[in-house]
Amino acid sequence: MSNYRKLTEQEIQVLEQNGCWAEDWNRVEVAENFRPYNFHRIVLYGDIRLGSFEKNVEVSKGFVKHSGINDATLRNVSVGNDCLIEKIGNFINNYTIGDNCYISNISTIETTEGATYGAGSTISVLNEMGDGNITLFRELNSQLAAFMVKHNRDKELTRRLHQLIDDEVRISTPDRGIIGNNVKIINTKEITNTVIKGDCEINGAARLSECTILSNEDASVYIGTGVICENSIICDGCSINNSVKMQDCFVGEACQITNGFTAEASLFFANSFMANGEACAAFCGPFCASHHKSSLLIGGQFSFYNAGSNTNFSNHAYKMGPLHYGTLERGTKTASGSYILMPATIGAFSVCFGKLMHHPDTRCLPFSYLIAYGETMYLSPGRNITTVGLYRDIKKWPKRDKRSKQSRKSIINFDWLSPFTVGEILEGIKILEALRSASGDNVTTYNFHEYVINASSLRKGLKYYDIALRIYMGAVLKRAQKEGFFGYPKSDIGKGNWVDLSGLLLPESEEKRLIDDVKNGNIENITQVLDRFQDINDHYSDYRWAWSYQLLLDYYHLTELDEQACERIREDYVRARRAWIAEIRKDAEKEYSMGDVEQEVYEDFLSKLDHEIDYEN
């Protein structure tokens, strides 16, 4: 609406006859086509703006009421077109309300002085008693959060990042609370200092205070019964329901938090699911899940992770059974910097049953199982590469991304074999070969720190790692030829070590370049930092080829990639894929023979394996 006018004397008379009263009718402005007949028992204070009220509003499926305002007290409020506002027990104060909203049976909606809407406060994750390391704001994503946590000890970088975020918060903070278009708020007690974007539904919430809810038409947000949410930001496509209590949190796109879950000073990013348990100072990257009352996520950094029940991670062993939220993508980092490694799905880390790894070198044995027999811990290197569980997880994660295409702030790279994970595989091979060289081939076990590796497990580990290497090299070569950058890399960017920023895989050199640019003032605002992450992801294929090109030359002892070499790599790739599928088939047959899987499920899985040949060319 752009044109407002004063009420006419006749309109004021109709309103007063309907039990309406204004502190000063001259401070009430209305749309040009405003009609006063659908307003009953309203009290108006301060500056009021009202749109036109011509349409019906659906209050329940198949049940419509005419738009209007009934039984409400408003102070300094702007109401858009065709809203229905009724049964406001206390008042609505200092708010701008959009078009086509339904607000009913509410106690209080208010903006008070100094409102922050959940933005600008600094929380401490990984260490619940530490100094703040993450500043909450609307555009936060898993990459920026991981970047801030990882480099928190770099005081100049941290100072500069906080300054950029503070500038963004200052610019984007509205003068008063906003309720967007097509918002439904019913049976809710208190909403204070909260921005509610369009197409959001709030039904039965207890209290929302100092929050921002980033809903939209493509990814609406639902806030349900009994929810108490304070000083938090909730992103597109989320559902917060059933007596959730949340304070000082950021909830990323398409997350579900439900069934009495409580969270404090924690981050939840894309597609995470939390129910029944607790989180404190937790960094939950994409696709984290917690289902059990006994689960407490505290002081850890997680990704593609299923918390299980207490210390029980047996749910990670499910393979052909019902779909489950997977496991650990690339490791669970604790506040002390140690790693807890469990059965992984996508990514480098894949060790079983929650053993805390005290030796950083253990990180270099990816896709492994760690199993305890009495006091002895047995390590099976690379075992998870050839399991049904890994195969299923590779297929399922992209399908489980429920975010709309317009609401994908956090970057997620679903490659299970990448320069990051294959780099870990190469380190794992070096360790196993060094163990074998030191102890010889005529031993039954090898000692790796306090862990025992059976000789047969070591040989199989080298075999599985080599299969993964050849699959990776063949797949990368095929992509390079298809995408048109085959040949000597155009740039050195990508060579060297790679890192993972909670879903974004990138060369370590690019991370260092970003650090320098932020500290040197080459980055002018926080949007440029976020854009840099996206740009790095957009060039992932180029950077991957730069890293992989030298790997191909070294592995095959080549000086260049000629046609004959490419054909040899392709043949190795096909053989490796077939060997991989054969091992997975054995794993499926073993599980079926144990009686844990129905025949129909088993046969359907084998049918999918049979079609893997379609991906060879």
Side-chain angles (χ1 to χ4, degrees), residues 292 295 300 302 304-321 324-334 338-393 416 421 424-425 427-429 431-432 435-436 439 443-465 467-468 583-584 586-597:
H292 305 279
S295 293
F302 313 94
F304 285 74
Y305 172 78
N306 190 333
S309 175
N310 198 9
T311 56
N312 166 29
F313 296 95
S314 61
N315 51 344
H316 300 285
Y318 293 147
K319 297 177 180 179
M320 283 185 288
H324 61 94
Y325 270 88
T327 56
L328 201 58
E329 182 182 15
R330 294 156 191 142
T332 298
K333 191 173 184 180
T334 65
S338 300
Y339 279 80
I340 301 173
L341 305 183
M342 288 157 288
T345 54
I346 306 171
F349 300 103
S350 169
V351 180
C352 198
F353 304 139
K355 173 68 176 179
L356 183 62
M357 313 301 281
H358 298 288
H359 299 286
D361 288 345
T362 313
R363 294 177 53 205
C364 298
L365 291 176
F367 297 102
S368 301
Y369 277 152
L370 182 62
I371 302 174
Y373 289 97
E375 296 297 317
T376 305
M377 300 295 295
Y378 287 90
L379 188 64
S380 298
R383 176 65 184 89
N384 205 42
I385 290 174
T386 57
T387 62
V388 170
L390 177 73
Y391 178 84
R392 286 183 59 256
D393 288 346
W416 76 283
T421 54
E424 295 286 346
I425 286 174
E427 291 300 315
I429 291 173
I431 289 172
L432 296 183
L435 288 174
R436 187 168 61 178
S439 301
V443 297
T444 57
T445 61
Y446 298 87
N447 294 321
F448 179 56
H449 300 302
E450 69 264 38
Y451 311 113
V452 175
I453 302 175
N454 287 326
S456 60
S457 295
L458 185 142
R459 290 191 295 271
K460 288 180 181 178
L462 287 170
K463 172 186 173 183
Y464 297 151
Y465 285 153
I467 286 174
E583 292 291 336
I584 293 171
K586 289 180 186 177
D587 196 44
E589 291 169 349
K590 179 180 178 181
E591 186 178 358
Y592 178 68
S593 68
M594 295 170 64
D596 295 334
V597 180

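None of the values given here were measured: they were computed from a predicted structure. Only this structure's heavy atoms are used, side chains among them; waters, hydrogens and symmetry mates stay out. Residues take their numbers from the sequence shown, with the count starting at 1.
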Starting at OG1 of Thr444, measure out to OH of Tyr446 and round the result to the nearest 0.5 Å. 9.0 Å

So, for Tyr378 and Tyr451, is the gap between ring centers shorter than 6.0 Å? no

What I'd like to find out is whether the side chain of Arg383 reaches to under 4.5 Å of the side chain of Phe367, using heavy atoms alone. no

Contact between Asp587 and Thr386 at the side-chain level, heavy atoms closer than 4.5 Å - yes or no? no

Are side-chain heavy atoms of Tyr369 and Leu379 found at a separation under 4.5 Å? no

Approximate separation, where rounding is to 0.5 Å, of Glu424 CD and Tyr465 OH: 9.5 Å

With side chain to side chain contact (heavy atoms under 4.5 Å, CB included) as the test, pick out the partner of Leu365 among Ile425, Ile429, Leu432, Leu370. Leu432

Please name the pair of heavy atoms, one in Ser457 and one in Pro381, separated by the smallest distance, quoted to 0.1 Å. O-CD, 3.8 Å

Write down the atom of Met377, the atom of Ala372, and the distance for their closest heavy-atom approach. SD-CB, 3.3 Å

Using side-chain heavy atoms (C-beta onward) and a distance below 4.5 Å, is Leu435 in contact with Ile453? yes

On a heavy-atom basis, the closest approach of Ser295 and Ala307 is OG-CB, 4.1 Å

Side-chain contact, heavy-atom cut-off 4.5 Å: Arg436 with Leu458? yes

Which residues share a salt bridge (charged side-chain N to carboxylate O under 4.0 Å, His left out) with Lys586, sequence neighbours left out: Glu583

Could you tell me if the side chain of Tyr391 sits less than 4.5 Å from the side chain of Trp416, heavy atoms only? no

Roughly how far apart are Asn384 CG and Asp393 CG, rounded to 0.5 Å? 8.5 Å

